[in-house]
Structures are given as C-alpha cells and as structure tokens.
Amino acid sequence: MYLIKLLDRPQHAFVHNMLRLLGLCLLLPAYIAAQAVPQTIHLQSRIAPVSATLRRRSLNPVTVPLADFFLGTDLQWFGNITVGTPPQTVSVVFDTGSSTLEFASTLCGASCDNQVKFDSSKSSTFVDGGTTSSITFSTDIKLTRKSLTLRSGTDTVGIGGLTFGIDPFSGIQGMSARAQGLFAGLVAQGLPSLFSLFLTPQAVGNAEMTVGGIDTTKFTGNLTFASLPAGATDGWFLDSPQLSVNGKTTTVLQAAREIIFDSGTSNILFPTATANAMYALISPDIVPHAAEPGAYGIACDKISTLPAVIDIAFTAQDGSPFNLTIPSSELNVGPFADNPAICQTLINAFDGLSLVGGSLLKHYYSVWDVGGQRMGFAAV
Ligand SMILES: *[C@@H]1O[C@H](CO)[C@@H](O)[C@H](O)[C@H]1NC(C)=O
Ligand SMILES: *[C@@H]1O[C@H](CO)[C@@H](O)[C@H](O)[C@H]1NC(C)=O
Ligand SMILES: *[C@@H]1O[C@H](CO)[C@@H](O)[C@H](O)[C@H]1NC(C)=O
C-alpha cells in the first residue's frame with residue numbers, strides 16, 4: 001500500500017493524503033501468499049512453488065463495496081478485508097501503486113483510534129513477523145517530520161468471502177501488475193487474473209472493486225484496452241505519446257512518457273518542466289506554493305471558472321489512439337492548511353515520474369488485467 005511508496009520513492013508527494021488519513025499509526029504489513037488452507041502458515045516457505053501445493057478449482061468473482069475518504073476532495077477509496085481467526089474486519093485502500101498490504105493494528109495505541117484496527121492477540125492464526133521498521137517523512141502540508149512504524153506479521157486474509165493464508169516471505173503484492181501475493185493466491189485457486197475498479201466521486205457513491213471479473217452494469221459502451229509495455233516490471237503503467245491541456249499541446253508535452261496508474265494517490269504528478277507547461281495552458285496565476293514543495297496554488301476565488309481539461313493520449317491494443325481525460329472540475333483540490341485563501345491545484349511537480357490516480361480513475365470504469373498484461377477503460 002502507500003507506505004511502501006515512502007520507502008522506494010521520494011516521499012512528500014505521496015504522504016499528503018495518507019497522513020491526514022492515518023495519523024501516526026503502527027501498521028501491520030501483511031504479505032499475502034497462495035495457500036489453499038488458510039490455517040497452514042509456512043513462515044519460511046519461500047522454496048515451495050506455490051502452484052505445486054494447490055488444487056486448482058474455479059472461483060467466482062466477488063465484488064466488494066468501497067467507501068470514499070473525502071476531505072473537500074475525493075482522496076482514497078477503502079474496502080473491507082478480513083484478517084485473522086476468527087476473522088476481524090479491517091479497512092484497506094486497494095492500492096495499485098504498491099505491493100504490500102498494510103493496515104492499522106491495536107499496536108497503534110491511541111494514535112489511530114478513529115480507525116478499524118486489527119487485534120493480533122485475538123487471532124489464533126497470527127504469527128508475529130518479529131520485524132519492526134520505521135519510516136520518517138514530512139507532510140507536504142506543514143513539513144513537520146513524522147514517523148510511522150511498520151510491524152511485520154502473518155495471518156489469514158479474506159476478501160468478499162474468499163480466504164487466504166498469508167506469508168511474509170513469499171509473494172509481496174497488493175494490487176500490482178504481477179500475479180504474486182494476493183493475485184497469485186486468487187489465480188492459483190482458479191479465479192480469473194484481473195480486477196476492476198469503479199471509483200466514484202463521493203456525490204455519486206456506490207464505488208466498488210470486483211476481484212476476478214468485470215461488472216458490466218457499471219458502464220455503457222465498450223472497454224478500450226491498452227497493453228502494458230513489453231518487459232514491464234510489476235507496475236501499472238502505459239506509454240503515452242502526448243499530453244494536452246484545454247485542447248492544446250506543446251513540445252514539452254509531446255514527449256513520450258510512461259504514465260503510472262496509482263489508485264492510492266489523488267493528485268497527478270509530472271516532472272517540473274511538464275507541470276509548468278501544463279499550468280501555462282491553464283492560468284499564469286497558478287504558482288508554486290512555497291510551503292509545500294511540488295505543490296501549486298491559486299487564489300480560491302479564481303479557481304472555479306478556470307478551464308483545465310487534461311487529455312492524456314494512449315494507444316489501444318488495436319493501434320488506435322485514445323485519450324483519458326481529467327475534467328476541469330478536478331483542478332481544485334482544496335485550500336492549503338497554511339493559507340486557506342489559496343487553493344491547491346491538481347498537478348504536483350515531481351521529477352522522475354508521471355503518475356495519475358483517483359482524479360482520473362473516477363471518470364472511468366477501469367479493468368486491471370494481470371493475466372492479459374493490459375488495462376481497460378470505459379467512460380462512466
Ligand atoms: C466495513 O466494515 C464496517 C464494520 O463492519 C462497516 O461499518 C463499513 O460500512 C464497511 N465498509 C465498507 C466500505 O464496506
Ligand atoms: C463496441 O464494439 C462493438 C464491436 O466491436 C461495435 O460494434 C460497437 O459499435 C462499439 N460501440 C461503441 C459505443 O463504440
Ligand atoms: C485527444 O485529445 C487531443 C487534445 O484535446 C485531441 O487533439 C485529440 O484529437 C484527441 N484524440 C482522440 C483520439 O480523441
């Protein structure tokens with residue numbers, strides 16, 4: 001989930017939403033492996049090939065509802081999983097931008113009292129991984145140094161009635177593009193190797209994730225599929241030849257780039273030169289916000305009328321071009337804490353990667369086809 005981003009990517013831009021949400025929590029990272037019998041936990045079982053120990057049978061897709069965490073803007077979508085024996089309900093973000101499963105536990109103490117927490121002492125199948133790690137970061141709100149503690153552990157995990165044993169030493173995957181971890185577990189048990197997200201704005205509601213299938217009642221028209229680049233690692237990203245803003249493009253925006261799709265991040269991130277070129281096509285009044293590196297803002301009373309349609313070009317599997325479009329309504333992500341008269345704008349400058357998330361995904365039904373190594377989109 002998002003915490004891993006703090007370990008392997010520059011930190012501040014990812015922490016913004018997460019910190020508001022989590023406070024300072026002790027989290028249990030749980031790594032899901034493929035074990036047909038949940039109670040059998042092989043802590044050191046890296047050697048055994050997962051498939052050899054399983055009997056293949058078919059599993060039907062399951063759909064779980066997602067709740068929108070909304071703070072002036074749609075930030076993240078949460079769903080419930082169950083952890084432990086007997087099962088305890090825990091809320092998680094199904095995050096396509098990282099590879100582990102982490103959630104709040106009672107070890108947090110009072111710092112995450114407002115969350116659904118996992119109590120490992122009440123689970124007969126919990127095995128403490130014995131590893132505590134700590135990560136330090138600053139928020140892009142106040143630049144205060146904060147730290148989060150992660151405790152490793154293993155237990156059984158279930159989603160929508162499907163249950164798995166989890167193992168910290170085998171597949172470490174949340175919702176990324178390789179069939180490890182959760183998806184190795186699902187697929188080994190016969191579930192189709194894909195999942196679909198219907199991330200809706202709060203006002204619309206009924207957000208959901210379907211594991212193992214596509215809920216065709218949630219969109220009209222056809223899905224457009226694009227292949228992940230050949231030789232891709234485990235990330236969800238697509239090649240894009242061009243960005244346009246309000247129907248216009250520039251030399252800087254016509255550079256080929258890989259766009260990461262990250263359901264756990266609400267703002268969009270582009271290298272500084274790209275972000276500046278995009279803002280130049282929106283308004284000269286949008287300027288970097290000194291208190292928060294990478295963030296930009298404009299007087300709140302000027303923002304609502306600004307056109308800011310962002311078209312991101314991709315190539316479908318049949319070779320035809322298509323755009324994914326972020327509408328102007330996403331430009332305003334709300335007032336800055338240090339100056340509420342200034343509203344933060346959608347695009348963060350972040351050198352080294354290009355990333356879109358919830359602000360784009362909530363305008364499409366999206367299919368994350370692990371087995372087919374492709375992504376599908378349909379307008380909603
Ligand atoms: C998660 O479970 C809690 C407790 O059972 C429930 O109140 C909440 O509505 C559930 N959330 C979702 C998104 O299903
Ligand atoms: C969807 O695809 C079918 C089959 O390729 C095609 O006949 C139909 O026109 C498409 N619909 C839309 C809305 O593009
Ligand atoms: C994508 O958007 C750009 C800019 O608005 C436009 O010029 C182009 O025709 C669009 N492409 C498609 C396939 O719609």
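First listed ligand is number 1; within each ligand, the first listed atom is number 1.
Side-chain atoms of Ser354 do not come within 3.5 Å of backbone N or O of Ile259 as any donor-acceptor pair. Formation of a donor-acceptor pair under 3.5 Å by the Ser359 side chain with backbone atoms of Ser266 is found in this model. Asn246 places a side-chain N or O within 3.5 Å of a backbone atom of Val309 that can act as its donor or acceptor partner.
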Derivation and outcome, side chain to side chain donor-acceptor pair (under 3.5 Å), residues Asp318 and Ser320: CA-CA 6 Å; Asp318 66 4; Ser320 58; 2.5 Å; yes

Ile347 and Ile286: CA distance, side-chain angles, deciding distance, side chain to side chain contact (heavy atoms under 4.5 Å, CB included) verdict: CA-CA 10 Å; Ile347 310 159; Ile286 298 177; over 6 Å; no

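Ring-plane geometry between Phe195 and Trp368 is classed as parallel, the angle between the planes falling under 30 degrees on a 0 to 90 degree scale with a further cut at 60. Ring geometry for Phe261 versus Phe314: interplanar angle of 30 to 60°, hence tilted.
Remark: atom 9 (O) of ligand 3 lies closer than 4.0 Å to no protein heavy atom. For atom 2 (O) of ligand 2, the protein comes within 4.0 Å by at least one heavy atom. Closer than 4.0 Å to atom 14 (O) of ligand 2 lies at least one heavy atom of the protein. Protein heavy atoms are found inside the 4.0 Å sphere centred on atom 5 (O) of ligand 3.
Close approach to Ala67 involves these atoms of ligand 1, each under 4.0 Å from a residue heavy atom: 13 (C). Taking every non-hydrogen atom of Pro321 and a distance limit under 4.0 Å, the qualifying atoms of ligand 3 come out as 13 (C). Heavy-atom contacts of Ser244 reach the following atoms of ligand 3: 3 (C), 4 (C) (cutoff under 4.0 Å). The Pro65 neighbourhood of ligand 1 comprises atoms 13 (C), 14 (O), with distances under 4.0 Å to a heavy atom of that residue.
Atom CD1 of Ile310 and atom CD of Glu330 lie 9.5 Å apart (nearest 0.5 Å).
Between Asp311 and ligand 3, a contact under 3.5 Å exists for at least one N or O pair.
The closest protein non-hydrogen atom to atom 12 (C) of ligand 3 is Asn323 ND2, 3.5 Å.
Ranked by closest heavy atom to atom 11 (N) of ligand 2, the top entry among Thr220, Asp318, Asn222 is Asn222.
For the pair Ala313 and ligand 3, no heavy-atom separation below 4.0 Å is found.
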